[in-house]
Amino acid sequence: MTLSSVIKEINNLLDLTFSELQYPKIEYEVTEPPLKEFGDLTTNIAFLLAKKTKKKPSFIAREIVEKIIVPRIEFINKNDVSVLQLAEAHPAGHINFKINYHIFSKFLVKLIEREEFGFLNIGKGKTIRIEHTSVNPNKPLHIGHLRNIVIGDTLYRLFKCTNHNVHVLNYIDDSGVQVADIIVAFLFKGFESKSINKNLKFDEYCGEIYSKINDIYQVETSLINKRNFIIKQIEEGNNKVSEFTWKIVKEVLLEQLKTCWRIKARYDILNIESQIIASGLWDKTFELLKQKDIIKYVTDGKNKNCWVFKPEREEEKVLVRSDGTATYVAKDIPYALWKLSIFNDPFRYVFFAEQWDGTTLLKTEILKNGSINQIENKDKIENNTLEEILIQPKKKIDKVITIIDSRQARLQNILLEIIKRLDSTKQEYCYLNYETVALSQQTVKEIGLGLQNENKRVIHMSGRKGIYISGDYILDQLRKKSAKEIKSRNSTMTEKDIDFIAEKIAISALRYSLIKRDRDKMITFDMQEELKLDGDTSLYLQYSYARAIRILEKAEHLTIQKPVNLGLLNKDIEKEIIKEILKYDIIIEKAIETLSPKILARYANELAAKFNVFYESVQVLQVENIDLKLARLSLVKSFTILFRGIFLLLGIEVLNKL
RNA sequence: GGGCUCAUAGUUCAGUUUGGAUAGAAUGGCUGCCUGCGGAGCAGCUGGUCGAGGGUUCAAAUCCCUCUGGGCCCA
């Protein structure tokens with residue numbers, strides 16, 4: 001029982017309006033009013049009916065309150081007690097409700113008894129595939145990549161906790177231009193294929209080479225031919241170049257994954273591009289596209305001898321060039337169809353790495369003739385959530401979400417059109433765009449990324465030009481800053497403890513800062529701003545939590561048992577917290593429905609702010625009345641229980657002390 | 001030239017999907033509050049013609065149109 005059940009109760013009452021007062025049936029809302037003076041909940045039903053019937057909203061509101069709601073509440077109160085205490089028609093036309101907190105607060109008891117916040121069965125076991133990260137394995141992850149990861153991983157967590165079966169995918173483009181670039185550098189320009197500087201991670205080292213080789217291309221244009229040769233070798237496979245490339249890719253990938261794991265992201269499957277190419281999925285896809293008449297062969301004009309697709313609102317797009325090679329857009333189609341599980345699965349899944357949470361990361365490998373789809377090295381694989389899907393290759397996938405930055409929105413829409421025409425089932429395939437992360441002029445100067453155009457306020461990152469700020473660098477800076485602060489506050493804490501806590505603060509701060517913003521808005525990353533750990537940050541949440549935990553610790557001798565009289569919590573701020581806590585299911589539902597994890601971050605901040613008001617203005621441990629003390633302790637406890645759940649969803653680390 | 005997207009307080013942003021009551025935070029500036037449950041906090045003041053103009057509506061930051069200015073994609 002939560003706030004949503006109260007809303008349902010109001011809905012039941014209001015629905016009587018249509019039958020008893022002869023109004024047309026409409027969709028209305030029951031929400032929280034903008035100001036607390038207006039009560040706990042409000043509805044817009046009178047406005048909407050006014051529009052239909054040309055009566056005044058105030059008249060309808062009064063009518064509904066007097067004829068429908070008040071008699072019912074009074075009736076219920078005669079026999080039992082209603083969770084609704086009062087309904088009022090505001091002259092403007094709003095109908096406002098007041099909750100009976102004596103009843104409502106009892107809902108908290110369940111939260112406390114369970115010791116964890118409720119498992120919401122929104123997904124009902126539906127299977128969802130989320131692809132995120134998908135960074136070219138030739139450079140370190142920068143802050144823009146981390147935005148992608150944090151959005152994807154938080155969504156994963158949201159789906160996971162609401163009874164969805166989730167597969168997290170990471171697409172590894174091991175046969176594209178970017179990887180080929182560094183292979184050219186190793187094979188033809190004499191760069192060492194390992195980092196000489198021990199402090200330089202291999203992905204960072206490759207990032208430097210990637211930028212250098214791109215400078216070399218400018219003066220040595222013949223190198224482009226060598227790159228094309230490399231790409232061809234990788235696509236063909238089973239040769240020295242492809243073997244060498246995989247060795248490099250694997251090493252870079254493992255370093256990149258260390259950064260992902262550092263911020264507590266996890267994956268289920270690595271989808272390797274060269275294997276998708278070799279799997280023959282493209283040929284099948286090509287046939288299907290021809291068969292369903294989705295693509296057309298052009299016999300004259302500028303696209304002569306090409307296979308093209310005509311999007312609804314755009315010029316036709318080449319999918320297969322006149323030389324028979326597939327374009328970038330075309331290459332993505334077989335992968336999309338694999339995600340939807342349209343074809344028989346051509347892969348088996350082999351162990352790639354063990355992850356921080358004890359789960360196994362698998363990678364695709366092509367099935368050899370006659371072998372069946374299976375997981376290799378099963379004994380190594382613990383906690384595997386994928387087994388079921390892998391031995392049932394045609395299992396239905398209900399939803400596929402790809403997290404991708406908005407520069408690719410155009411291509412995505414073309415792909416989406418193609419997929420919609422290919423797949424007639426009701427599966428959902430969607431792209432989730434987010435705006436890029438750019439660097440502030442100030443930060444570019446500080447990091448010493450070279451002289452930039454002074455007129456530009458923001459500078460876009462570019463791996464090719466060597467202009468980026470790595471995720472690890474930011475985390476390290478955050479950790480240093482936090483460690484310093486902790487030290488100044490705790491003279492007795494050991495270096496080891498300080499470092500442990502500082503790392504957790506750093507991870508949480510970065511995740512929160514990336515997730516709380518709207519996906520549609522570009523982030524101008526500024527290092528100095530990022531290092532500020534006051535105000536609307538994860539630390540504020542962690543700090544509030546630590547305060548609550550301290551209270552509970554000091555009251556440990558008092559076990560919260562038996563019937564606690566939560567009705568004693570009658571201060572305004574106490575009621576507000578109860579309502580805020582019991583709203584959590586509405587928030588999670590909305591976050592999932594709109595694929596907006598930021599809603600959760602905003603909620604957490606709101607709740608923490610309320611707790612801090614409570615903390616400053618209401619005594620808990622000093623209270624003489626034992627019943628009141630227990631009631632308040634219960635409130636504090638339910639706050640901590642809910643917050644642990646929210647922390648888990650947001651990937652914020654739980655710290656009892658900081 | 002075509003398309004997508006953003007514009008709200010000095011600054012960074014919520015609120016726009018689904019129109020509703022006095023447009024909210026944070027930060028900055030100014031001012032209070034620690035022998036009390038952790039001051040990385042709390043309270044107060046300051047600060048906004050919601051980019052501009054028009055339209056729809058009883059009601060527009062929110063919906064529609066035009067324009068301006070940033071960012072991106074394509075040509």
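For clarity, every value in this text was computed on a predicted model and none was experimentally measured. Chain letters run A, B, ... following the sequence lines, proteins first, then strands; residues in each count from 1.
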Would you tell me if any nitrogen or oxygen in the side chain of A:Lys554 comes within less than 4.0 Å of OP1 or OP2 on B:G38? yes
With heavy-atom distances below 4.5 Å as the criterion, would you say the side chains of A:Ile10 and A:Ile95 are in contact? no
Syn or anti for B:C34, with syn set at within 90° of 0? syn
When you look at CZ of A:Arg644, are more than 12 heavy atoms from neighbouring residues, nucleotides or ligands closer to it than 6.0 Å? yes
May I ask you to verify whether the side chain of A:Asn612 and the base of B:A40 hold a donor-acceptor pair under 3.5 Å? no
Between A:Arg547 and B:G39, is there a contact of a side-chain N or O with OP1 or OP2 at under 4.0 Å? yes
Nearest whole Å is fine: how far is B:U5 P from A:Gln408 CD? 17 Å
Quantified in whole Å, what is the C1' atom distance between nucleotide B:C64 and nucleotide B:A75? 30 Å
Contact under 4.0 Å: A:Tyr543 side-chain N or O vs B:G38 OP1/OP2: no
What about A:Thr42: does its side chain form a donor-acceptor pair under 3.5 Å with the base of B:A21? yes
Nearest heavy atom decides the nucleotide; on that basis, is A:Lys317 or A:Thr436 closer to the 5' end of RNA chain B? A:Thr436
Using OP1 and OP2 only, check whether a side-chain N or O of A:Lys516 sits under 4.0 Å from B:A26. no
Is the shortest side-chain N/O distance from A:Tyr545 to OP1 or OP2 of B:A40 below 4.0 Å? no
Look at A:His460 and B:C72 and indicate whether a side-chain polar atom (N or O) is within less than 4.0 Å of OP1 or OP2. yes
Determine if A:His94 stacks with B:A21; use a centre-to-centre distance below 5.5 Å and an interplanar angle below 30° as the criteria. yes
When you compare the side chain of A:Ile401 with that of A:Tyr429, does any pair of heavy atoms fall below 4.5 Å? no
Would a line drawn from the ring center of A:Phe18 to the ring center of A:Tyr23 be shorter than 6.0 Å? no
